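A short worksheet on the structure shown next.
Computed from a prediction, not measured in an experiment: that's the story for all the values here. In listed order, ligands and their atoms are each counted from 1.
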Amino acid sequence: MPALTLKPGREKSLLRRHPWIFSGAVQHVENRPASGQTVDVISASGDFLARASYSPTSQIRARTWTFEEEPVDREFFRRRIRSAFDTRYSWIDPHVTAAYRLIYAESDGIPGLIVDRYGDVLVLQSLTAGSEFWKEALADLLLEETGLSTIYERSDADVRELEGLEPRVGPLRGVLPSFIFPITENGLKFNVNLQSGHKTGFYLDQHTNRLRVRELSKDKDILDGFCYTGGFTVNALAGGAKSVLSIDSSAEALALAKENIELNNLPVERATLLEGDVFQLLRRFRDEGRSFDMIILDPPKFAPTAAQAERAARGYKDINLFAFKLLRPGGTLVTFSCSGGIDAGLFQKIVAGAALDAGVEAQIVEHLFQAADHPVALQFPEAAYLKGLICIRK
Ligand code: SAH
């Protein structure tokens with residue numbers, strides 16, 4: 001088997017069971033592994049540390065499959081897949097929520113592989129050389145272990161470029177019955193565009209937070225900024241909101257949001273869907289003296305990495321500042337960041353700064369997190385990206 005030897009002292013993170021090996025830690029590589037092939041990772045003193053997939057073009061030169069000297073083969077991946085399924089089904093009732101993440105890459109010991117289940121269809125994202133090397137075998141195993149017959153591939157995330165991989169979108173096994181696919185989440189119906197929707201089609205990571213919003217919505221005038229296909233809007237209406245104003249810059253997303261309201265027979269007359277820029281509209285509403293009982297802000301990723309954190313921080317501060325101004329006293333702000341480069345502590349500071357500059361007093365009443373089907377391995381904190389706060393304006 002090809003082997004990758006580390007520089008002296010560079011084994012520390014692997015001994016703490018962090019799965020990544022950066023190019024700068026590598027002393028030399030023997031037997032010229034192919035892209036994605038399995039290599040033994042050896043310390044400078046010659047000790048076995050891990051078996052990992054080799055990524056020749058990425059700064060993350062290898063990602064650990066296992067810390068044991070065990071074969072990395074089909075049966076290995078079958079065990080990893082089964083173990084991932086076990087944790088899902090102890091948290092999710094598939095009769096209530098039929099769309100959820102089955103495999104979350106490093107968190108489930110399969111770096112590079114994301115598998116989301118939408119009803120009876122699996123959507124697969126292969127993000128690294130290693131997951132690409134095993135993709136066909138993984139696809140077969142997924143069908144064997146679920147008893148399903150359709151896998152659609154959405155390997156169109158930018159990070160593939162770093163691995164020297166081209167984007168790929170299309171059927172991997174079986175045929176999609178239709179690109180617009182109906183799912184149930186917390187008992188509500190949504191049409192999801194599996195072919196061109198964001199991520200694998202839907203923001204599955206928000207499903208528990210959407211339920212929370214439903215519980216808090218009764219009789220409220222609500223603004224849902226960055227509403228996408230109506231995840232929070234539909235829940236707010238189902239929770240008895242008096243009115244919901246939903247904003248997104250994408251007309252296509254808004255069209256699907258409207259469809260999703262109708263699909264659940266919710267009162268369309270209580271919903272206003274507005275195409276526009278949240279940054280500008282919040283200012284306009286302030287000038288018009290408008291106010292709301294609850295404001296939800298779930299913007300796109302402003303800072304994928306820590307390097308962009310400063311610019312992103314200004315973006316978060318801006319929208320949260322205007323949201324605080326538009327909240328009625330006693331009103332609720334439900335605010336999120338999905339930027340990996342901004343941690344929960346920093347996000348809280350940004351929101352605190354926004355309240356200060358808005359001249360309002362507010363309290364945090366809840367911290368929110370990504371749903372349990374997006375677990376975070378304790379040795380891989382990078383898997384945590386979604387953070388949210390529920391604040392009450394005094
Ligand atoms: N809350 C949604 C997910 C939001 S994703 C859910 O639960 O499903 C972020 C959304 O913000 C995308 O739909 C994108 O079209 C939209 N968006 C990005 N920049 C925007 C802007 N400046 N103003 C309004 N919408 C924006």
Arg88 and Asp373: CA distance, side-chain angles, deciding distance, salt bridge (Lys or Arg N to Asp or Glu O under 4.0 Å) verdict: CA-CA 6 Å; Arg88 297 311 182 283; Asp373 54 341; 5.8 Å; no
Charged tip of Arg16 within 45° of Phe380 ring normal and under 6.0 Å: no
Polar proximity ligand 1 side, Val278 side, N/O cut 3.5 Å exclusive: yes
Atoms in ligand 1 with a heavy atom of Pro300 nearer than 4.0 Å: 9 (C), 11 (O), 18 (C), 19 (N)
Cation-aromatic face contact Arg286/Phe322, 6.0 Å, 45 degrees: no
For atom 3 (C) of ligand 1, the option (of Val213, Leu204, Asp298, Leu282) bearing the nearest heavy atom: Asp298
Where ligand 1 meets His198 - atom numbers and elements under 4.0 angstrom, heavy-atom basis: 12 (C), 13 (O)
Under 3.5 Å: N/O of Ser249 near N/O of ligand 1: yes
Whether Tyr89 and Tyr100 hold their rings parallel, tilted or perpendicular, with breakpoints at 30° and 60°: perpendicular
Identified side-chain contact (heavy atoms from CB on, under 4.5 Å) counterpart of Leu368 within the set Val334, Leu386, Leu389, Thr208: Val334
Heavy-atom gap Gly230 to ligand 1 smaller than 4.0 Å: no
Ligand-side contact atoms (ligand 1) for residue partner Tyr203, heavy atom cut-off under 4.0 Å: 3 (C), 5 (S), 8 (O)
Mutual orientation of the aromatic rings belonging to Trp134 and Phe77 [parallel < 30°, tilted 30-60°, perpendicular > 60°]: tilted
Aromatic ring pairing Phe285/Phe292, orientation class (parallel under 30°, perpendicular over 60°, tilted between): tilted
Where ligand 1 meets Arg210 - atom numbers and elements under 4.0 angstrom, heavy-atom basis: 6 (C), 7 (O), 8 (O)
Numbered atoms of ligand 1 (with element) below 4.0 Å of Tyr228, judged on heavy atoms: 2 (C), 3 (C), 4 (C), 8 (O), 13 (O)
Polar proximity ligand 1 side, Thr229 side, N/O cut 3.5 Å exclusive: no
Heavy-atom nearest neighbour of atom 4 (C) of ligand 1 within options Phe336, Phe232, Phe226: Phe226
N or O pair under 3.5 Å between Gln206 and ligand 1: no
Nearest protein heavy atom with distance in Å, relative to atom 10 (C) of ligand 1: Asp248 OD2, 3.4 Å
Asp277 to ligand 1, any heavy atom closer than 4.0 Å: yes
Mutual orientation of the aromatic rings belonging to Tyr228 and His198 [parallel < 30°, tilted 30-60°, perpendicular > 60°]: parallel
Geometric class of the Phe279/Phe302 ring pair [parallel <30°, tilted 30-60°, perpendicular >60°]: tilted
Numbered atoms and elements of ligand 1 in range of Gly276, under 4.0 angstrom, heavy atoms: 23 (N), 24 (C)
Minimum heavy-atom distance between Glu262 and Val268, given as atom pair plus value: CG-CG1, 3.8 Å
